[in-house]
Each structure stands twice: as structure tokens, then as C-alpha cells.
Amino acid sequence: MTKKKPFDIDTLLVQAGNRDNHDQYQAISTPIYLASNFRHHDLEEVKRFDPDKQYSYSRLATPTRRILQETLAKLEGGSQAFATSSGMAAIQLVFSLFKTGDQIITSDDLYGGSFRYFDYLSDHVGLQFSKWNGKDYDQLAQLITPQTKAVWLETPSNPTMKVIDIQKVAKIAHQTNPACLVCVDNTFLTPVYQQPIRQGADIVVHSATKYLSGHNDMLAGAVIAKSATISDTLAFNFNTTGVTLDPFDSWLLLRSLKTLSIRMQRHTENATYISENLAKLPQVEKVLYPGQGGMISFYVQNQQQVEQLFKRLKIISFAESLGGVESLLTIPALQTHKDMAEADRLKLGITDKLLRLSVGLEKASDLFDDLKQALAD
Ligand SMILES: *Cc1c(COP(=O)(O)O)cnc(C)c1O
């Protein structure tokens, strides 16, 4: 038997939901099944019920979400995917794997909401968190104990754009403690640029609110697990806690994925142009751009510029979130990372001169001109 050549990710994305949606009319776009429950034929069918193919109640499975999940699993190279109602719901689903006394190592520069949730887990559940600086791999090996159940990281990090070597982390973690899972929040780069499971990670998480959906119009999340054993536990917890994505949003996310690859290419082109030009402005102290994707952080020369900048912007919106077609600017110290202790924030360089730009798909020169006029003395 000849081995089937896997399709390129560009093809997988555009074809998302086509041919595998089992629709009786063979619709190219996956239909939306707005049903919370499904009629059974007879008693015999209930007795022989196959939860992988049939439907009973939508929290357990619903056709549109199933197609989305199969697509996400393929994209990230995992055994199974779970589409959740938000990125935080996805993170919560992963943490349902752990119990009191388990130790979790996290990189030190994460989405602010993740830290907020980890503080909650530490206080209410008794999980023990330790922070790793994301740079010193010997220190990582030293932090891992027999109680360590996971290393949790984001790369590039948010908002300081630190890049972590996933392969290296996975090797160290698995060698030091085979029971330690490596979990990667892949929101910033998406599977178009980074497929953590193929680099040795065990679990991938997304805030699909960002690039995967990409239009600033929905909340969603995803968890993709490498092994079937982890998937089985996650499936149980997914059904039990109900952190599920509804059929309409499942459809909307599926349709958004079709343009993910082309959007990511354009995000990168625009962000490259803007980071190069921003660095030349006298009002800008420093630009942080990891070379891929649409996220740029930059420091202005002095804090007084910030208010004027937000006020003068004509295209870029002063708004939270990221990853959409419209460009957005935020000040992490006052928005996404405001719940972090000030000392921790400053140690990471999250000062009140740091701004985070989610570069959208507008014309790059228009975006740069907008920043330039807003920063002008
Ligand atoms: C936004 C975000 C989250 C949280 O996702 P929601 O969809 O807002 O719940 C988690 N991780 C990262 C990196 C994010 O940017």
C-alpha cells in the first residue's frame, strides 16, 4: 500500500468542512445544526448508540462542532480536539486534568487572564505553580520534580514577544519526568506557523477569539491533545462541565479557518513593514517583533505620548483583543495585565510606556501613517 501524502495546511484550511460533513445534499459549506437534542429511532438504536457517529444531546456532540473539532485536530496534528466557548474555557478544560498538590511550571510572561486563573487554582484547588523565565533551560530542568504534572507556556510570549524553544522544553520535561505534560498556548502563531504537537508538546490551546476566527466578532477556544488517553479524559470533562462551543459559532469558526493561512501571511507582511518603520521614529524607544504573525509590542519614549496617541488614531482602534482583520492598540499594564502584581509586571518590562499593536489587514502604509501622525510631537 502506498502511503498517502498529507495535504498541505493551506489545502486543509480552505477545505475545512467540505466533503467530510456527511450532509445529505453534499453542501460545500458545513450546515449548522441548531438542535440541542436528536430523536432516536428505537430502543435498539439507543442500546447500540455509537457516541463517535451518532447524536443524542448537543453538550455531548453536535454535527457542526464535530466537523470543526476534526478539522482542528488535523491542523495541529492531535488525536482529538475540543471546541470551547472561549479561550479561558479551553484553559479551564486542560486544568481539569490536574488535582490538589500537583505542581505546574509556567513561563513568566503569559496572557493576563491565565495568571488570574492560576491564582484562583492556587487558592481554591491547591495546585502549586512555579515560574520559569523562558530562557534558562537548566533552570527548567531543576524546577521539574516528581510532582510536576505540566509545563505551561506561550511562545512568542504576551506581551514581550519572548520566543521559547518548544522542542527543547518537551525534551527536558519528558526526560526529567515522563508524566509531565507540555502544554502550549498557540494563540499568537496558529498552526500556520507553529504546530507544537509536532515539536513534542502534549496539549495545544487556542483562544480562537483571536487569529483562528480573525474578525473580532466571536469568542471561542480550542484544546487539541496528542494522545488518545489524554483526549479520553478531556472528552469526559468536556461533557461533564459543558464548556462547549455552540453550533452557530462552530460554523462561524469553521468558515473563518478557510482564510487563516492567507490572513496570517498578510498579518506578517504588514507587521514586518510596520515594525521596521516604527523603529525609525524618534518617538519610539524600542520595537519587539518576533518575525512572524501580526503582533508587535513597542515602547514609546515617554509616558505623556500615550494619551495623545490613543486620542489621535484614525484607523487603529484603542481596544482590547488581537488577531482580527481590524488593527487594535492596547496598553497591557492597564488592560490585559492589570491584575498582575506591579513588581512582577515591571520585572518583565510591562511598563506604562509599553504598547501592544495587533496589526490588521488594512494597507500597511496607511497603518504606519496613522501611528506616525498620532505620535508626532
Ligand atoms: C485572549 C487570550 C486568551 C483567552 O481567550 P478568551 O477567548 O478571551 O477567553 C488566552 N490566551 C491568549 C494568548 C490570549 O490572547
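Just follow the structure's listing: the first ligand is 1, and inside any ligand the first atom is 1.
A donor-acceptor pair is defined here as one N or O able to donate and one able to accept, closer than 3.5 Å; such a pair exists between the side chain of Q69 and the backbone of A83. Judged by distance alone, the side chain of T64 and the main-chain N or O of P31 form a donor-acceptor pair under 3.5 Å. A donor-acceptor contact shorter than 3.5 Å links the side chain of H174 to the backbone of A170.
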Go ahead and list the nitrogen or oxygen contacts between ligand 1 and the protein that come in under 3.5 Å, distances to 0.1 Å, or just say none.
residue  : atom   : partner : partner atom : Å
ligand 1 : 5 (O)  : S207    : OG           : 3.0
ligand 1 : 7 (O)  : G87     : N            : 2.8
ligand 1 : 7 (O)  : S207    : OG           : 2.8
ligand 1 : 7 (O)  : T209    : OG1          : 2.6
ligand 1 : 9 (O)  : G87     : N            : 3.0
ligand 1 : 9 (O)  : M88     : N            : 2.8
ligand 1 : 11 (N) : D185    : OD2          : 2.7
ligand 1 : 15 (O) : K210    : NZ           : 2.7

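Cluster note: I105 groups with W132, Y137, L140, L143, I144, V151, L153, I164, I166, V169, I172, V182, V184 through ILVMFWY side-chain heavy atoms spaced under 4.5 Å, whether in direct contact or through intervening members.
Taking I197 as the reference, V204, I224, K226 meet the side chain to side chain contact (heavy atoms under 4.5 Å, CB included) condition, with sequence neighbours excluded. The side chain to side chain contact (heavy atoms under 4.5 Å, CB included) check on S207 picks up T187, T209, K210, with sequence neighbours excluded.
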